[in-house]
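Notes follow the structure.
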Amino acid sequence: MTAALHFGPAIDVPSFMVIIRHLRLVLDAGFAVAELNETQSQRWQRLMIAAQAAEPRAYAELLRESSSFIRVIARRYHSDAGTIEDVVQETLISIHRVRQTYEPGRAVEPWIAAIAKARAIDALRARLRRLKMETPVAAEVLANIPDTMRSSENTLAANTSIAEAMAALPPAQRAAVRLLKIEELSLREASETSGQSISALKSALHRAMLSLRLVLTGGRDA
Amino acid sequence: MHETTSALIERLTSQAVPIKPLLSPWLRAAALLVPVLGLMTAIALASGNPTRVTDHLSDPVFTLALAGSLLTGIFAFVAAFMLSVPGRTESWGWLPAAPAVIWLTASTVQCYRHVEEYGIHDYSPFASADCFVFILMAGTPIAVATHFLLRRALSTNLTGVTSLAGLAAATLAAAMLAFFHPAGTDPVDFITHVVAVSALVLYMTTFGRNALGSD
């Protein structure tokens, strides 16, 4: 005696595809509702996890939305609009470099806030360093500077001699001066741009500054 | 900065590649601690004098000093890895404080006992130079390994992280020293241990900080 095997009602392929399509629509709608109901913190967590997977839209959204958050933190430390924007950008660069340190499942805000705070303090330290190197000049001293010294011809001459001195530098030293002193990149950024190690850049910059000082002062200040 | 924030976001987005999140700080600390403790135990059992240590374990002050030193190292390790991740509370830095107090207090009691038993005699400041060398020699490889693992994370508290890493390496080395050292600590011994631990902490804070960078 043979028993006929029965696997239930047969479904043809087109009907199966329609069911799948409906299922997907239901799932998509479910996800859309879930996205609407999620808090900002949950949304940032989702975007951050997607950013770690290099999903460009989610990553751009996260960076854009977190910029305002970073700006608020930067304002606690700085009042100058330019500096605040510098802090925002430095923080975004740091977030990009160390996005592997975000641990999925944890809140994103404290992670970003800690990086933003560190960058804001870095900017404060840089400002203090600059202030230490600058000497205030009294108004009467400025008034006594002869006009000839302020003339555009002198400025042009000075620029020309700086350009000539720069051109005479070896390429690695010239690159170090351009990246670190003119473009004001950080050592790490300059290292990534030039392909030189940080210690090589430091050494090249040091040698370049000695050479420039020697050439521009004629050895008087060297 | 020469580009606008929007342009920067576009550039960063275009440069993004998939990355694997780092393991949790607990796991990363464990990944280093387990082999370090295993290696330390193997060296202590093979070349040290484990019998002398087990004989003195009945003395609570000796046991507290040894456990305090070991736990300071372990807790400092965990704290360094915790603080190496942005956003973790800085209170983690206090984790090794309690065992460190136990270690220092128990060692002070050992010194007091020594002075009470033998009196104050002419201590040579270099009598325990071997201890100093041992802590530095044993602690440096641990410090280097810790530094290597910490490099992958971004630290927003470099001084805290590097000093905790130095403390971890030095106090673990000091705990291992118990297997190569006469039981009991005299004042010169104790001061030498503290100076060696401080030297490694200072070294890590100064040079480890530069090497980790301020990113």
Side-chain angles (χ1 to χ4, degrees), chain A residues 48-49 51-64 66-67 70-71 82-83 85-119 121-122 125 183-189 191 198-199, chain B residues 1-31 78-93 149-162 207-215:
Chain A
M48 190 64 214
I49 292 166
Q52 287 182 326
E55 208 278 278
R57 209 180 58 165
Y59 191 24
E61 270 179 53
L62 176 77
L63 293 180
R64 219 169 287 129
S66 59
S67 298
I70 298 164
R71 214 164 273 125
T83 314
E85 217 44 38
D86 281 354
V87 171
V88 171
Q89 295 195 11
E90 287 290 351
T91 308
L92 293 176
I93 291 169
S94 290
I95 288 174
H96 178 73
R97 282 206 193 110
V98 296
R99 58 198 191 284
Q100 78 278 4
T101 64
Y102 168 72
E103 210 181 318
R106 296 187 70 87
V108 182
E109 290 91 332
W111 183 78
I112 293 179
I115 299 172
K117 188 180 158 193
R119 292 296 83 93
I121 292 172
D122 282 352
R125 287 195 186 123
E183 294 183 15
E184 294 182 337
L185 297 183
S186 69
L187 275 168
R188 200 176 285 259
E189 286 169 336
S191 167
I198 288 178
S199 53
Chain B
M1 291 286 168
H2 302 291
E3 62 184 335
T4 63
T5 303
S6 307
L8 175 71
I9 290 173
E10 262 177 48
R11 181 164 67 82
L12 296 178
T13 310
S14 67
Q15 288 172 356
V17 287
I19 47 102
K20 204 175 156 204
L22 284 182
L23 291 175
S24 84
W26 289 104
L27 288 176
R28 283 185 299 128
V78 172
F81 277 92
M82 282 293 173
L83 284 188
S84 73
V85 177
R88 295 293 174 119
T89 168
E90 304 216 337
S91 308
W92 279 108
L149 276 191
L150 287 171
R151 279 190 73 137
R152 289 207 61 207
L154 160 108
S155 178
T156 47
N157 181 358
L158 275 176
T159 309
V161 170
T162 48
F207 295 100
R209 204 184 135 82
N210 289 339
L212 281 180
S214 62
D215 208 350

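Since we're looking at a predicted model, the values are computed, not measured.
A:Glu90 has its side chain out of reach of A:Asp122: every pair of non-hydrogen atoms, C-beta onward, lies at least 4.5 Å apart.
B:Gln15 touches chain A through backbone and side chain together, each having a heavy atom under 4.5 Å away. Contacts of A:Arg99 with chain B are made by both backbone and side-chain atoms, with heavy-atom separations under 4.5 Å. When heavy atoms are compared at a cutoff of 4.5 Å, A:Pro56 approaches chain B by way of both its backbone and its side chain.
Taken to the nearest 0.5 Å, the CE atom of A:Met48 stands 7.0 Å off from the CD1 atom of A:Ile112.
When atom types are taken as modelled, the side chain of A:Gln52 and the backbone of A:Tyr102 share a donor-acceptor pair closer than 3.5 angstrom.
The candidate with the highest count of non-hydrogen atom pairs below 4.5 Å against chain B, out of A:Gly82, A:Ala53, A:Ala51, is A:Ala53. When B:Val17, B:Leu12, B:Thr89 are compared by the number of non-hydrogen pairs under 4.5 Å with chain A, B:Leu12 comes out ahead.
Environment of CD in B:Glu10: sparse, with no more than 12 heavy atoms of neighbouring residues, nucleotides or ligands closer than 6.0 Å.
Relative orientation of the A:Tyr59 and A:His96 rings is parallel, given thresholds of 30° and 60° on the angle between their planes.
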